[in-house]
Amino acid sequence: MRTPSSVRRHLQAALNHCGNTHTVDDVLQMVDDGKASLHVGERCAVVTQVMSFPTGRRLHYWLAGGDLMELQEIEKRCSAEARQRGCVAASIIGRRGWAKKLGYEEMATISVRKL
């Protein structure tokens with residue numbers, strides 16, 4: 001997959017905030033393999049995954065970087081599409097300020113300690 005450098009920068013910035021569990025190339029491979037979806041705006045990039053649980057499917061916003069206003073528009077569009085495909089909820093991992101701006105309720109926190 002040929003990916004613009006701006007998309008790579010947005011994804012790397014998001015990965016930096018969530019512990020660098022993957023490389024940008026790992027994420028793009030997951031998109032190519034159908035394990036994640038990449039949503040690209042003019043000034044942002046978002047990676048989502050649909051997760052299945054016994055109580056229903058959920059859209060998970062895994063990585064997001066770039067312009068917050070544009071991210072808000074992508075989130076609205078992706079959530080509407082997910083609802084049409086049977087998802088019952090959406091979750092987000094990210095900075096508290098972004099989750100709040102996007103209208104998400106905090107349910108838990110993730111803390112990390114190097115070993």
Side-chain angles (χ1 to χ4, degrees):
M1 165 189 270
R2 177 96 171 109
T3 309
S5 61
S6 61
V7 171
R8 287 181 164 277
R9 276 195 313 276
H10 294 315
L11 294 178
Q12 186 59 62
L15 287 163
N16 292 345
H17 283 287
C18 69
N20 287 304
T21 58
H22 298 68
T23 66
V24 171
D25 288 332
D26 294 332
V27 173
L28 295 174
Q29 186 62 55
M30 290 175 70
V31 170
D32 283 347
D33 293 344
K35 296 177 182 176
S37 297
L38 176 63
H39 312 273
V40 177
E42 291 181 26
R43 299 172 311 282
C44 72
V46 179
V47 178
T48 61
Q49 295 176 296
V50 173
M51 305 174 104
S52 294
F53 299 97
T55 57
R57 294 172 47 175
R58 294 181 181 220
L59 179 65
H60 181 64
Y61 292 90
W62 175 30
L63 301 169
D67 181 74
L68 177 59
M69 290 180 65
E70 191 173 47
L71 287 168
Q72 288 172 310
E73 292 304 314
I74 288 176
E75 189 275 340
K76 286 178 192 174
R77 185 178 68 241
C78 289
S79 289
E81 291 171 7
R83 195 171 20 260
Q84 290 176 344
R85 293 189 330 223
C87 288
V88 298
S91 61
I92 184 172
I93 186 169
R95 293 179 277 173
R96 281 189 169 135
W98 284 40
K100 187 174 181 178
K101 286 278 189 189
L102 292 168
Y104 285 73
E105 174 184 336
E106 186 174 314
M107 295 185 71
T109 60
I110 297 174
S111 302
V112 176
R113 176 176 63 143
K114 291 190 178 194
L115 301 178

Which atom pair, heavy atoms only, marks the closest approach of [X] to [Y]?
| X | Y | result |
| --- | --- | --- |
| V40 | I74 | C-CD1, 4.3 Å |
| R57 | S52 | CG-OG, 3.6 Å |
| V31 | S37 | CG2-C, 4.3 Å |
| S91 | H60 | OG-ND1, 2.6 Å |
| S79 | A90 | OG-CB, 4.4 Å |
| L11 | A45 | CD2-CB, 4.2 Å |

Test of understanding: clusters of I, L, V, M, F, W, Y form through side-chain heavy atoms closer than 4.5 Å, transitively. Do V88 and M51 belong to the same one? no

Between R85 and V50, is the side-chain contact (heavy atoms from CB on, under 4.5 Å) condition met? List the steps. CA-CA 10 Å; R85 293 189 330 223; V50 173; 3.3 Å; yes

Using the rule given for side-chain hydrogen bond (donor to acceptor under 3.5 Å, both in side chains), can you reason through Q12 versus N16, listing the C-alpha separation, both sets of side-chain angles and the distance that settles it, and then say yes or no? CA-CA 6 Å; Q12 186 59 62; N16 292 345; 2.8 Å; yes

If you round to the nearest 0.5 Å, how far is [atom2] of [Y] from [atom1] of [X]?
| X | Y | atom1 | atom2 | result |
| --- | --- | --- | --- | --- |
| E42 | D67 | CD | CG | 10.0 Å |
| H22 | M30 | NE2 | CE | 4.5 Å |
| Q49 | L63 | CD | CG | 8.0 Å |
| S5 | R8 | OG | CZ | 9.0 Å |
| I93 | C18 | CD1 | SG | 6.0 Å |
| C78 | E73 | SG | CD | 11.5 Å |

What do the steps show when you test L38 against L28 for side-chain contact (heavy atoms from CB on, under 4.5 Å), and what is the final call? CA-CA 8 Å; L38 176 63; L28 295 174; 4.1 Å; yes

Is any side-chain heavy atom of L102 closer than 4.5 Å to a side-chain heavy atom of Y61? no

Go through it in stages, so that I can follow the logic: the residues are H39 and T48, the test is side-chain contact (heavy atoms from CB on, under 4.5 Å), and I'd like the CA-CA distance, side-chain angles, deciding distance and then a yes or no. CA-CA 8 Å; H39 312 273; T48 61; 2.9 Å; yes

Is it the case that over 12 heavy atoms from other parts of the model lie below 6.0 angstrom from the CZ atom of R58? no

Examine distances only and state if a side-chain atom of E75 and a backbone atom of V46 form a donor-acceptor pair shorter than 3.5 Å. no

